[in-house]
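Heavy atoms only: backbone and side chains are in, while hydrogens, waters and symmetry mates are out.
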Amino acid sequence: MRPDTPAEHTAEAERLIRTATRYPEDQEPLLLQAAAHLELADARERASALYDQLLSASPANPHLIKALQAANLWEYGHEAEARALISGIRAAAPTDPAPWEVIAEALESHDELEASHECFTEAATLLTSEDTPLTHATTALLTGRHRVRRLLGLPHDDWDMVADTRHTGPIPLDELHDPKRIWALGSDDPAELRAEIARLRAELGDRRAALSRPFPVAILHWPARELSELLTSYPTLSTEYPTREAHLTAVESSLRALSASGTTNLGIVTGSVPSYEAFAASEKTSPASPALLPEYATTLAARGKATPWPPTPTAPCWCTSGKPYAECHGIIDA
């Protein structure tokens with residue numbers, strides 16, 4: 001269940017911090033999630049301490065951590081330090097879209113619209129080109145830039161047109177980013193209020209979906225050798241995995257069912273017997289318990305071990321057969 005209260009966010013942060021001590025190799029993604037929950041609990045000084053801890057340990061994504069630290073610091077009165085971090089990130093010109101989006105949105109939230117627009121434009125210039133296909137992350141940059149340009153009253157340009165085209169929500173970007181929308185909240189006209197509530201719900205739905213799944217909804221896959229060792233060591237699990245073929249079919253069908261129900265951000269995590277046994281020991285539970293399997297899958301996903309599903313049609317199938325996905329488990333049933 002997604003945490004909703006400050007106490008629940010704090011409890012989730014503490015759980016993630018404990019998990020990070022068990023799995024130091026995955027400390028960075030776990031502590032980043034913990035810091036996000038502490039920010040939502042308004043424990044911003046504790047979140048800042050986690051960012052400092054990560055930066056002192058040669059992290060894999062220093063620019064993203066500095067961006068998150070800057071946004072956090074600004075929210076509790078450390079504007080000068082936040083601005084210094086933002087200037088350093090812009091000077092470094094990282095090729096990862098995430099830090100650019102964080103610092104541009106931080107500037108936007110503090111009414112630094114011109115500087116925010118400059119950040120979004122610098123990032124778009126650096127990371128997009130005719131030869132580079134747009135990703136979800138770079139599309140998010142163009143969407144943020146579109147929003148700030150609407151607030152500044154600037155006319156549409158080519159990148160705004162791309163953002164409009166890529167937007168798939170029920171309400172066009174021009175409406176979502178209309179500065180006059182806020183005025184509708186003070187209207188006495190029920191129709192205007194209902195329309196504004198519908199727009200806000202569309203935005204809130206996207207935000208809640210992102211918050212409720214900080215990591216993918218993942219299905220557990222056992223490679224052939226690992227599955228054989230697992231069932232030899234813990235035969236009671238044969239009720240979950242009667243055959244290798246049934247296991248592979250169940251993985252794909254479960255993911256398709258989740259996708260058909262509207263669930264996004266799906267992934268596959270690969271199990272190994274030593275890892276599973278270590279997880280069972282940390283949970284003080286027998287590896288023979290079928291109830292432990294989904295918890296193990298969720299923990300692997302939280303540790304950043306999930307592979308996004310589905311693969312592209314020409315990519316190797318997730319089952320490790322070596323065949324393209326479209327010719328293996330990606331075959332569409334007639």
Side-chain angles (χ1 to χ4, degrees), residues 1-57 59-79 81-82 85-86 89 96-106 108-110 136-137 140 144 203-218 263-267 269 279 282-283 294-306 308:
M1 182 179 295
R2 180 177 59 87
D4 280 313
T5 67
E8 289 171 338
H9 282 296
T10 300
E12 181 63 10
E14 298 290 0
R15 186 189 71 79
L16 289 164
I17 292 168
R18 289 194 301 271
T19 304
T21 62
R22 295 178 188 168
Y23 304 101
E25 71 276 15
D26 300 315
Q27 185 178 77
E28 187 170 329
L30 291 167
L31 291 186
L32 282 176
Q33 291 178 50
H37 281 289
L38 290 172
E39 288 188 35
L40 291 168
D42 204 29
R44 293 192 173 275
E45 291 191 38
R46 285 195 64 196
S48 183
L50 284 184
Y51 292 134
D52 286 338
Q53 177 182 336
L54 285 166
L55 289 170
S56 68
N61 298 296
H63 297 303
L64 175 59
I65 297 169
K66 288 178 181 179
L68 294 167
Q69 174 73 299
N72 180 56
L73 286 168
W74 204 335
E75 289 298 323
Y76 75 106
H78 297 268
E79 179 181 342
E81 191 175 348
L85 285 169
I86 289 171
I89 293 165
D96 177 10
W100 285 106
E101 185 175 12
V102 172
I103 62 174
E105 289 187 348
E108 178 190 355
S109 69
H110 291 279
H136 179 78
E203 290 180 323
L204 183 60
D206 291 341
R207 295 286 185 179
R208 281 189 167 175
L211 276 176
S212 65
R213 284 192 197 96
F215 45 84
V217 175
T263 303
T264 58
N265 195 20
L266 297 170
V269 289
F279 176 73
S282 71
E283 296 294 315
E295 295 180 26
Y296 175 56
T298 299
T299 299
L300 290 178
R303 293 168 59 197
K305 302 297 186 183

Engineer: Considering all heavy atoms of both residues, which atom of Ala34 and which atom of Leu50 are nearest to each other, and what is their separation?
Structural biologist: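 Minimum heavy-atom contact is CB-CD1, 3.9 Å.
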Engineer: Determine the minimum heavy-atom distance between Thr10 and Ala41, stating which atoms define it.
Structural biologist: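 Nearest heavy atoms, Thr10 then Ala41: OG1-CB, 3.4 Å.
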Engineer: Roughly how far apart are Ile103 CD1 and Glu108 CD, rounded to 0.5 Å?
Structural biologist: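 Going from the CD1 atom of Ile103 to the CD atom of Glu108 covers 13.0 Å.
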Engineer: Just how far is it from atom CG of Leu85 to atom CG of Leu68, taken to the nearest 0.5 Å?
Structural biologist: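 Between Leu85 CG and Leu68 CG, I get 11.0 Å after rounding to 0.5 Å.
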Engineer: Applying side-chain contact (heavy atoms from CB on, under 4.5 Å), run through Leu31 and Gln53 and close with a yes or a no.
Structural biologist: CA-CA 9 Å; Leu31 291 186; Gln53 177 182 336; 3.6 Å; yes
Engineer: Please check if atom CD in Glu14 has more than 12 non-hydrogen atoms from other residues, nucleotides or ligands closer than 6.0 Å.
Structural biologist: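 Yes, enclosed.
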Engineer: For the atom pair CG (Leu32) and CG (Leu16), what is the distance rounded to the nearest 0.5 Å?
Structural biologist: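 Spacing of CG (Leu32) from CG (Leu16) equals 10.5 Å.
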Engineer: Which pair of non-hydrogen atoms, one from Ala98 and one from Leu64, has the smallest distance, and what is that distance?
Structural biologist: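 Here Ala98 and Leu64 meet closest at CB-CD1, 3.8 Å.
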Engineer: Nearest 0.5 Å please: distance from the CD atom of Glu75 over to the NE2 atom of His110.
Structural biologist: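 Rounded to the nearest 0.5 Å, the CD-NE2 separation comes out at 4.0 Å.
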Engineer: Measure from the side-chain N and O atoms of Glu81 to the backbone N and O of Leu73, and report whether any donor-acceptor pair falls under 3.5 Å.
Structural biologist: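 No; zero donor-acceptor contacts below 3.5 Å.
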Engineer: Begin with the C-alpha distance, continue with both residues' side-chain angles, and end with the deciding distance and a verdict on side-chain contact (heavy atoms from CB on, under 4.5 Å) for Asp42 and Arg44.
Structural biologist: CA-CA 5 Å; Asp42 204 29; Arg44 293 192 173 275; 3.9 Å; yes
Engineer: What's the verdict on side-chain contact (heavy atoms from CB on, under 4.5 Å) for Glu28 and Ile65, showing C-alpha distance, side-chain angles and the deciding distance?
Structural biologist: CA-CA 9 Å; Glu28 187 170 329; Ile65 297 169; 3.9 Å; yes
Engineer: With a 4.5 Å cut-off on side-chain heavy atoms, are Tyr296 and Glu283 touching?
Structural biologist: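 No, too far: nothing below the 4.5 Å cut-off.
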Engineer: Salt bridge between Lys305 and Glu25, side-chain N to carboxylate O under 4.0 Å?
Structural biologist: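 A salt bridge is absent here (no side-chain N lies under 4.0 Å from a carboxylate O).
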Engineer: Nearest 0.5 angstrom please: Glu39 CD to Asn72 CG, how far?
Structural biologist: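 Glu39 CD to Asn72 CG: 4.0 Å, rounded to 0.5 Å.
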Engineer: Are the side chain of Glu101 and the backbone N or O of Ala137 linked by a donor-acceptor pair below 3.5 Å?
Structural biologist: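 Here the side-chain-to-backbone pair does not exist.
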Engineer: Just how far is it from atom CD1 of Ile17 to atom CD of Glu12, taken to the nearest 0.5 Å?
Structural biologist: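 It comes to 10.5 Å.
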Engineer: Give the C-alpha distance, both sets of side-chain angles, the deciding distance and a yes or no for side-chain contact (heavy atoms from CB on, under 4.5 Å) between Tyr76 and Ser48.
Structural biologist: CA-CA 10 Å; Tyr76 75 106; Ser48 183; 3.4 Å; yes
Engineer: Check Ala218 against Ala306 and note the closest heavy-atom contact, atom names and distance.
Structural biologist: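 The pair with the smallest heavy-atom distance is CB-CB, 4.5 Å.
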Engineer: Measure across Ala106 and Ala71 and return the closest heavy-atom pair with its distance rounded to 0.1 Å.
Structural biologist: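 Looking at all heavy atoms of both residues, the closest pair is CB-CB, 4.0 Å.
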Engineer: What are the two closest heavy atoms between Pro59 and Leu54, and how far apart are they?
Structural biologist: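 Smallest interatomic distance, heavy atoms only, reads CD-O, 3.3 Å.
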